[in-house]
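To keep things clear, I will list the structure first and then write my remarks on it.
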Amino acid sequence: MEVVKDNFEEALQLFQENLYQSEIVALDLEFTGIHGKPEQFNDNMTERYSKVRRVAMNYEIIQVGLCLFVRKGDIWETRPFNFYVFPEDSGANPRVTLEVSAISFLKEHNMDFNK
């Protein structure tokens with residue numbers, strides 16, 4: 001379910017109802033950029049966290065994807081929710097850093113930046 005301002009209240013209620021039934025919750029974040037220091041296979045947890053944190057500190061989250069998994073006997077039902085969270089103009093003139101390759105990737109995968 002695509003969640004925007006116009007259907008937020010309805011989607012939130014549906015999300016909360018389904019959350020109590022779910023056994024697994026998957027999270028996916030879309031940022032305005034993704035590049036920082038590359039992760040290495042042999043990074044320890046502290047190094048990995050530090051590298052990923054730098055990306056999160058430099059770029060904005062523009063979409064939060066949550067998928068709830070509900071078991072129905074031997075079948076798993078998925079209930080996806082995509083929350084568009086691009087910051088609004090609040091008059092404080094916030095800055096958003098965009099990485100062209102990340103935005104191009106999102107456009108190629110049908111992200112609608114007008115929501």
Side-chain angles (χ1 to χ4, degrees):
M1 170 181 224
E2 290 195 333
V3 183
V4 293
K5 274 195 299 189
D6 294 341
N7 70 345
F8 180 78
E9 293 299 325
E10 171 192 346
L12 183 60
Q13 182 178 350
L14 186 60
F15 176 80
Q16 290 173 330
E17 290 169 4
N18 284 283
L19 181 61
Y20 293 113
Q21 301 172 26
S22 66
E23 294 184 43
I24 300 171
V25 177
L27 169 70
D28 180 40
L29 301 174
E30 299 299 343
F31 288 88
T32 58
I34 59 169
H35 288 100
K37 287 188 175 181
E39 294 97 26
Q40 303 293 321
F41 179 74
N42 59 347
D43 283 350
N44 63 39
M45 291 299 287
T46 302
E47 293 167 328
R48 172 97 176 153
Y49 173 80
S50 177
K51 290 176 180 179
V52 172
R53 183 178 185 274
R54 264 188 241 120
V55 170
M57 297 295 290
N58 289 321
Y59 299 104
E60 297 293 324
I61 297 171
I62 56 176
Q63 187 184 60
V64 175
L66 291 161
C67 191
L68 308 177
F69 293 80
V70 178
R71 189 189 320 234
K72 299 282 185 169
D74 292 338
I75 297 173
W76 288 93
E77 288 184 3
T78 58
R79 300 180 183 160
F81 294 83
N82 293 312
F83 295 85
Y84 287 83
V85 294
F86 194 85
E88 286 190 337
D89 182 7
S90 64
N93 199 19
R95 295 177 185 232
V96 175
T97 302
L98 301 175
E99 185 177 274
V100 174
S101 62
I103 300 304
S104 294
F105 173 84
L106 295 172
K107 281 176 45 180
E108 288 171 16
H109 290 86
N110 302 316
M111 176 168 279
D112 184 347
F113 291 93
N114 293 313
K115 292 189 176 184

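- Of the inter-residue distances, the one linking Cys67 atom SG with Ile24 atom CD1 reads 10.0 Å to the nearest 0.5 angstrom.
- Note that OG of Ser50 and CE of Met57 are 11.0 Å apart. Values are rounded to the nearest 0.5 Å.
- Of the possible donor and acceptor atoms, one in the side chain of Asn7 sits under 3.5 Å from a partner among the backbone N and O of Glu2.
- Looking at Thr32, its side chain never comes within 3.5 Å of a backbone N or O of Tyr59 through a donor-acceptor pair.
- The residue from Val4, Ile62, Val64 that alone fulfils the side-chain contact (heavy atoms from CB on, under 4.5 Å) condition with Tyr84 is Val4.
- If you chain together hydrophobic residues whose side chains sit under 4.5 Å apart, Val85 and Phe15 fall into the same group.
- When hydrophobic clusters are built by joining Ile, Leu, Val, Met, Phe, Trp and Tyr residues whose side-chain heavy atoms come closer than 4.5 Å, directly or via intermediates, Leu29 is grouped together with Phe83.
- Closest non-hydrogen pair, Asn82 versus Gly65, comes out as OD1-CA, 3.7 Å.
- Enclosure of atom CZ in Phe105 is not indicated, since only 12 or fewer non-hydrogen atoms of other residues, nucleotides or ligands lie within 6.0 angstrom.
- Summarising the local packing, CD1 of Ile75 is surrounded by 12 or fewer heavy atoms from other residues, nucleotides or ligands at distances under 6.0 Å.
- Across all their heavy atoms, Asp43 and Glu47 have their closest contact at CA-OE1, 3.2 Å.
- In terms of hydrophobic clustering, with Ile, Leu, Val, Met, Phe, Trp and Tyr side chains grouped at heavy-atom distances under 4.5 Å, Leu68 and Trp76 are assigned to different clusters.
- At least one side-chain heavy atom of Phe113 sits less than 4.5 Å from a side-chain heavy atom of Ile103.
- Follow the hydrophobic side-chain contacts under 4.5 Å out from Val96 and you never reach Val100; the two are in separate clusters.
- Phe31 and Ala102 get closest at one heavy-atom pair: O-CB, 4.5 Å.
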Item to check | Stepwise side-chain contact (heavy atoms from CB on, under 4.5 Å) check, Val25 with Leu19 | outcome: CA-CA 8 Å; Val25 177; Leu19 181 61; 3.8 Å; yes
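- Interatomic distance, CG of Asp112 versus CD of Gln63, reported as 10.0 Å (0.5 Å rounding).
- Taking both residues in full, the closest heavy atoms of Gly33 and Val55 are given as O-CG1, 4.0 Å, listed atom of the first, atom of the second, then distance.
- Across Gln21 and Val70, no two heavy atoms sit closer than the pair O-CG1, 3.9 Å.
- Among the candidates Glu9, Glu17, Glu10, Gln16, the single residue satisfying the side-chain hydrogen bond (donor to acceptor under 3.5 Å, both in side chains) test with Gln13 is Glu17.
- Tyr49 and Ile61 end up in different hydrophobic clusters when Ile, Leu, Val, Met, Phe, Trp and Tyr side chains are linked at under 4.5 Å.
- Among all heavy-atom pairs drawn from Met1 and Ala11, the shortest one is SD-CB, 3.7 Å.
- Within the 4.5 Å cutoff, the side chain of Phe81 has heavy atoms near those of the Leu14 side chain.
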